[in-house]
Enquirer: 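Okay, here's the structure, questions in a sec.
Note that the coordinates shown come from a computational prediction; the quantities given were computed from them, not determined experimentally. Naming convention: chains lettered A, B, ... in sequence-line order (proteins, then strands); numbering from 1 in each chain.
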Number of protein chains: 2
Amino acid sequence: MSTEGKIRIIVADDHYIVRAGLVSLLGTAEDMEVVSEASSGKEAIKVYQKHLPDVALFDLRMPGMGGVESIKQLCSKHPDAKVIVFSAFNGDEDIHKAFEAGARGYILKSSIGEDLLEAVREVDAGHKWIPRDVSSRLAIRKTYETLTPRETEVLSEIAHGRSNKEIANSLNISDYTVKDHIKNILGKLQVAARTEAVTVALQRGIIEI
Amino acid sequence: MSTEGKIRIIVADDHYIVRAGLVSLLGTAEDMEVVSEASSGKEAIKVYQKHLPDVALFDLRMPGMGGVESIKQLCSKHPDAKVIVFSAFNGDEDIHKAFEAGARGYILKSSIGEDLLEAVREVDAGHKWIPRDVSSRLAIRKTYETLTPRETEVLSEIAHGRSNKEIANSLNISDYTVKDHIKNILGKLQVAARTEAVTVALQRGIIEI
DNA sequence: CGGAACACCCCTCTTTAGAGGGATGCCACT
DNA sequence: AGTGGCATCCCTCTAAAGAGGGGTGTTCCG
């Protein structure tokens, strides 16, 4: 529990209106107050260090330094930071990356206000908070095979339209190796062609464009 | 101007917190009131017909029937409907489709509150409202070549990972014709391969997955 | 009427992708 | 010391993709 009675919160989202919604909603709760806002990941870290809030609400996909990277940096400097991800996306990889980065809660933007308030209270109390629809996504993920860092790198190149030869040059490896990675990617994502691999990976949050 | 003094508004967005933000923000304006909300395009049409508001705020990308289709239906039944699109996306095709469907304003979710209030007042007064960053997107679009309906259809199939042969079967045309369409698509989007065509089209809002 | 845009079909040719096998070295964990 | 995961390289072969030409019929508009 927080020192002054009220749970002190910062919110980080690049959409003004989402911040307005959060401030409005959290403001109605007697036991919470939003002490500051940020519109980017970089700004969020600064704001956190200035205000040292009890709970930080982060959007996962923000321009510039993304939410994942921001959370990772924040949690490495402040291991006690209580971060809740508040995202519009429910790709299994997004969710997994958020928790791996150090988040203690993940809540969808479509969820109702009570769920958000509950999440804030639970995380403030030192617990984890994972709604059913989010945890089911993580369960689905366990049935998938995960891509290696190199495979993800290759897939990202594919998404940008590069040919095998171009990828080989850019990564300084043989095009035989590129083909190998692609074989593994197609197998793991259970698709037949590189184009579908890209759209599936985009939907799951494995890569971004 | 509206009859009772206050501008009566409905908001349609699948994210609870965005609706909360809109209600909160619009509520602070003396001359506006949110009379109802909807969380889908279908619901939005019902709500519109029930309340007949002065202005309707629509998110463009919603699950089920998307914003474009909803606006098209709404405006065909109510040609005097004053619809403002309130979207997170700034793909040139999204913006163009919104206005083509009958929207009279398009404002980005990242914009500040004052811009939104101004947009609502302008559209309520019978004017169009296009912010500078949005109109520049439309200007960019003019320099692009637009895809024909058939080409868009083929591109959407490509995004789902279908091969030329599969597309030919599904559309009941020769694979020669599919190749023709793809040649045109690659030329118009100025890319070399189908995979890049898909990512470019996704970014521009030409197709969705 | 003529032209332009669209959708469709056909042929050839080169390049690319993808499936199938094989193999090596490195590193971490047991 | 052995195992498994990762990244790398190699070869062959078939299917697919893409570039380049050719053409038809429709519709719509000036």
Enquirer: Assign A:K165 to base, sugar-phosphate, or nothing according to its heavy-atom contacts below 4.0 angstrom with the strands shown.
Expert: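 Sugar-phosphate only.
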
Enquirer: Considering only side-chain heavy atoms of B:P149, which listed nucleotide, C:dG18, D:dA16, C:dA7, is closest?
Expert: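 Selected nucleotide (nearest to the side chain): C:dA7.
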
Enquirer: Remember a base hit wins even if backbone is also touched, and classify A:T177 as base, sugar-phosphate or nothing at under 4.0 Å, heavy atoms.
Expert: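 If one applies the 4.0 Å heavy-atom cut-off, A:T177 turns out to touch a base.
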
Enquirer: On the nucleotide C:dA5, are OP1 or OP2 found under 4.0 Å from the side-chain N or O atoms that B:R150 carries?
Expert: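 Checking C:dA5 against B:R150, no side-chain N or O comes under 4.0 Å of OP1 or OP2.
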
Enquirer: C:dT16, C:dC9, D:dT8: which one has an atom nearest the side-chain heavy atoms of A:D180?
Expert: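 Minimum distance to the A:D180 side chain belongs to D:dT8.
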
Enquirer: Taking atom P of C:dA7 as reference, at what distance in whole Å does atom CG of B:L155 sit?
Expert: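 Spelled out: CG on B:L155 to P on C:dA7 is 14 Å.
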
Enquirer: Measure CG/B:L147 against P/C:dA5 and give the value in whole Å, please.
Expert: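 Distance, rounded to whole Å: 15 Å.
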
Enquirer: Does A:Y176 place a side-chain N or O at less than 4.0 Å from the phosphate oxygens OP1/OP2 of D:dC11?
Expert: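 The answer is yes; a side-chain N or O of A:Y176 sits under 4.0 Å from OP1 or OP2.
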
Enquirer: Rounded off to whole Å, could you give me the CD1-to-C1' distance for the B:I185 and D:dA19 pair?
Expert: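 Atom CD1 in B:I185 sits about 15 Å away from atom C1' in D:dA19.
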
Enquirer: Please state how far atom CG in A:N184 lies from atom C1' in C:dG20, giving the value in whole angstrom units.
Expert: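 It is 13 Å, rounded to the nearest whole Å.
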
Enquirer: Keeping the roles fixed (side chain from A:S135, backbone from A:I130), state whether a donor-acceptor pair exists under 3.5 Å.
Expert: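 Pair absent, no side-chain N/O of A:S135 close to backbone of A:I130.
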
Enquirer: Under 4.0 Å: is that the gap between some side-chain N or O of A:S174 and OP1 or OP2 of D:dC10?
Expert: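 Looking at the OP1 and OP2 atoms of D:dC10, one of them is under 4.0 Å from a side-chain N or O of A:S174.
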
Enquirer: Compare the minimum distances between each of C:dA17, D:dT8, D:dC6 and the side chain of A:R194, then state the nucleotide with the smallest one.
Expert: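 When the side chain of A:R194 is considered, C:dA17 is the closest of C:dA17, D:dT8, D:dC6.
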
Enquirer: Respond yes when some side-chain nitrogen or oxygen of A:H181 is under 4.0 Å from OP1 or OP2 of D:dT8, and no when none is.
Expert: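 Answer yes for this pair, as a side-chain N or O of A:H181 is under 4.0 Å from OP1 or OP2.
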
Enquirer: With a 4.0 Å cutoff (strictly under), does any side-chain N or O of A:T148 reach OP1 or OP2 of D:dA7?
Expert: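 Yes.
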
Enquirer: Kindly say whether B:I95 contributes a backbone atom to a donor-acceptor pair with the side chain of B:R141 at under 3.5 angstrom?
Expert: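 Not a single qualifying donor-acceptor pair exists.
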
Enquirer: Has the side chain of A:K82 got a donor or acceptor atom that lies under 3.5 Å from a matching backbone atom of A:D54?
Expert: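 Side chain of A:K82 to backbone of A:D54, a donor-acceptor pair under 3.5 Å: no, none is there.
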
Enquirer: Do B:E166 and B:S170 have side-chain atoms, one donor and one acceptor, less than 3.5 Å apart?
Expert: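 Distance-only check fails for B:E166 and B:S170.
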
Enquirer: Quick one: which of B:V18, B:V85, B:I84, B:D13 gives a side-chain contact (heavy atoms from CB on, under 4.5 Å) with B:L57?
Expert: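 Of all the options given, the one that passes is B:I84.
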
Enquirer: Map B:L186 and A:I173 onto DNA chain D by nearest heavy atom, then report which one ends up closer to the 5' terminus.
Expert: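 Comparing both residues, the 5'-ward one is A:I173.
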
Enquirer: Report the distance from atom CD1 of A:I182 to atom C1' of D:dA7, rounded to the nearest whole Å.
Expert: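 Going from CD1 in A:I182 over to C1' in D:dA7 covers 15 Å.
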
Enquirer: Rounded to whole Å, please give me the gap between CD in A:E153 and P in D:dC6.
Expert: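 Whole-Å distance recorded here is 15 Å.
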
Enquirer: Just how far, in rounded Å, is C1' of C:dA17 from CD of A:E157?
Expert: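 Atom CD in A:E157 sits about 17 Å away from atom C1' in C:dA17.
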
Enquirer: Measure from the side-chain heavy atoms of A:K183 and tell me the nearest of D:dG20, D:dT8, C:dA19.
Expert: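 Of the options given, the side chain of A:K183 lies nearest C:dA19.
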
Enquirer: Under the criterion side-chain contact (heavy atoms from CB on, under 4.5 Å), which of A:L155, A:V191, A:V200, A:I206 is the partner of A:I185?
Expert: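 It is A:L155, the one option of A:L155, A:V191, A:V200, A:I206 that forms the side-chain contact (heavy atoms from CB on, under 4.5 Å) with A:I185.
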
Enquirer: Any side-chain N or O of A:N164 less than 4.0 Å from the OP1 or OP2 oxygen of C:dA17?
Expert: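 For C:dA17, OP1/OP2 do have a side-chain N/O of A:N164 under 4.0 Å.
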
Enquirer: Please compare B:K179 and B:N172 by the position of their nearest nucleotide in DNA chain C and report the one closer to 5'.
Expert: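 Its nearest nucleotide being more 5', the pick is B:N172.
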
Enquirer: Could you check how far CD1 of B:I158 sits from C1' of D:dA17, rounded to whole Å?
Expert: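 Between C1' of D:dA17 and CD1 of B:I158: 10 Å.
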
